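First the structure, in the form of structure tokens, and then the observations on it.
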Amino acid sequence: YLSGSRTRQRLSQRLVGLPADFRFVDLGCGLAGTLVQLARDYPQARLQGVETAPLVFLCAWLRCLPYRNCRVRYRSLWREALGPYDVVYCFLSPAPMAQLWQKARKEMRPGALLISNSFEIPQVPAQEVIELQDWRASRLLLWRL
């Protein structure tokens, strides 16, 4: 799944107010559109993406090269430690969301944000929902740990 431009813009707007050097990870960053948007909007932020599809990873890695504050690693989201991040973002599928919630609860710091594009965590209502009003009826679901 790729995050659309409206999603990237609304996500960026939602992050206003975080410390300038906030740490952000995109789990399954795809072609790095979200990372590039945030690298432009928040030049002091420290942005990380992880991706396991080889060609997609290569494209993402190349797209992030011009930005000092943006890196992409070829690795599974399950091997990425979530503790260092202020914001964890994902646009995965319904299947891994319960397992991701367990990982987030175990690893993320109190006060850190978990943001899912469109996919809910079973039986854990989002604390905030941002309707994106796009053709997919996308929404950003947020949980503060």
Side-chain angles (χ1 to χ4, degrees), residues 1-130 132 136 138-145:
Y1 300 102
L2 299 176
S3 296
S5 62
R6 179 183 301 248
T7 303
R8 293 189 304 264
Q9 291 167 358
R10 292 297 301 276
L11 174 63
S12 183
Q13 292 168 358
R14 177 56 181 82
L15 301 180
V16 168
L18 290 177
D21 64 345
F22 71 87
R23 295 191 60 160
F24 176 98
V25 65
D26 187 343
L27 302 177
C29 68
L31 298 172
T34 299
L35 293 171
V36 169
Q37 171 91 41
L38 295 178
R40 290 176 183 153
D41 294 349
Y42 298 97
Q44 294 178 331
R46 293 173 286 169
L47 310 167
Q48 176 77 45
V50 295
E51 181 56 58
T52 58
L55 291 177
V56 174
F57 159 76
L58 180 59
C59 290
W61 183 80
L62 289 170
R63 284 187 78 191
C64 289
L65 277 179
Y67 303 95
R68 292 184 312 112
N69 63 335
C70 184
R71 298 287 175 261
V72 177
R73 296 183 356 177
Y74 182 70
R75 74 179 315 168
S76 166
L77 68 94
W78 305 113
R79 296 193 61 212
E80 185 70 20
L82 303 181
Y85 299 106
D86 301 300
V87 181
V88 174
Y89 173 77
C90 64
F91 189 15
L92 302 170
S93 78
M97 293 307 294
Q99 186 178 358
L100 178 60
W101 177 245
Q102 294 307 315
K103 179 176 176 57
R105 288 183 53 211
K106 184 174 163 186
E107 297 179 16
M108 290 176 70
R109 293 188 316 264
L113 279 174
L114 173 63
I115 304 175
S116 172
N117 184 341
S118 300
F119 299 111
E120 298 178 358
I121 296 170
Q123 292 150 26
V124 183
Q127 296 162 336
E128 182 181 344
V129 177
I130 300 171
L132 300 172
R136 292 189 276 200
S138 302
R139 50 201 185 128
L140 295 175
L141 305 163
L142 293 85
W143 295 266
R144 189 168 297 279
L145 278 279

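Atom set for the values below is all heavy atoms of this structure, side chains included, hydrogens, waters and symmetry mates excluded. Note that the structure is a prediction, hence the values are computed from the model and not measured.
- Atom CG in L38 sits 9.5 Å away from atom CZ in R8 (nearest 0.5 Å).
- Two residues are said to be in side-chain contact when any heavy atoms from C-beta on lie closer than 4.5 Å; L100 and I121 fail this criterion.
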Could you walk me through whether S76 and V50 pass the side-chain contact (heavy atoms from CB on, under 4.5 Å) check?
-> CA-CA 7 Å; S76 166; V50 295; over 6 Å; no

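- Among all heavy-atom pairs drawn from L82 and V25, the shortest one is CD2-CG1, 4.5 Å.
- Closest heavy-atom contact between K103 and W78: NZ-O, 3.4 Å.
- The two atoms that bring T52 and Y74 nearest to each other are O-CE1, 3.1 Å, heavy atoms only.
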Derivation and outcome, side-chain contact (heavy atoms from CB on, under 4.5 Å), residues I115 and N117: CA-CA 7 Å; I115 304 175; N117 184 341; over 6 Å; no

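- The structure places CG of L140 at 6.0 Å from OG1 of T7, a figure rounded to the nearest 0.5 Å.
- For W143 (side chain) and W101 (main-chain N/O), no donor-acceptor pair under 3.5 Å exists by modelled atom type.
- With sequence neighbours left out, D86 forms a side-chain hydrogen bond (donor to acceptor under 3.5 Å, both in side chains) with R109.
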>> Under the criterion side-chain contact (heavy atoms from CB on, under 4.5 Å), I'd like the reasoning laid out for L92 against L77: C-alpha separation, chi angles, the key distance, then a yes or no.
In response: CA-CA 10 Å; L92 302 170; L77 68 94; 3.9 Å; yes

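- Counting only distance, with no hydrogens or angles, the side chain of N69 and the backbone of L47 share no donor-acceptor pair below 3.5 Å.
- Taking SG of C90 as the start and CE of M97 as the end, the distance is 4.0 Å to the nearest 0.5 Å.
- Residues A98 and P122 come closest through the heavy atom pair N-CD, 4.0 Å.
- Contact of the D41 side chain with the L15 side chain is not registered, since no non-hydrogen atoms from C-beta on lie closer than 4.5 Å.
- In this structure, C70 and L35 approach most closely via the heavy-atom pair SG-CB, 3.6 Å.
- Contact annotation: the side chain of F24 approaches that of L11 to within less than 4.5 Å [non-hydrogen atoms, C-beta and beyond].
- Residue L18 holds its CG atom at 13.5 Å from CZ of R23, rounded to the nearest 0.5 Å.
- We find the CG-CD distance between L145 and E107 to be 10.5 Å, quoted to the nearest 0.5 Å.
- Checked against E128 for a salt bridge (charged side-chain N to carboxylate O under 4.0 Å, His left out), the options R144, R14, R10 give a single hit: R14.
- No side-chain donor-acceptor contact under 3.5 Å links Y42 to the backbone of Q37.
- The environment of CG in L65 is crowded: more than 12 heavy-atom neighbours from other residues, nucleotides or ligands sit within 6.0 Å.
- E51 places a side-chain N or O within donor-acceptor distance of the main-chain N or O of G30, the cut-off being under 3.5 Å.
- Within the 4.5 Å cutoff, the side chain of F119 has no heavy atoms near those of the L141 side chain.
- In terms of heavy-atom proximity, Y85 sits nearest to A112 at O-CB, 3.7 Å.
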Working note: Y67 + V36, criterion side-chain contact (heavy atoms from CB on, under 4.5 Å); need CA distance, chi angles, decisive distance, verdict. CA-CA 8 Å; Y67 303 95; V36 169; 3.6 Å; yes

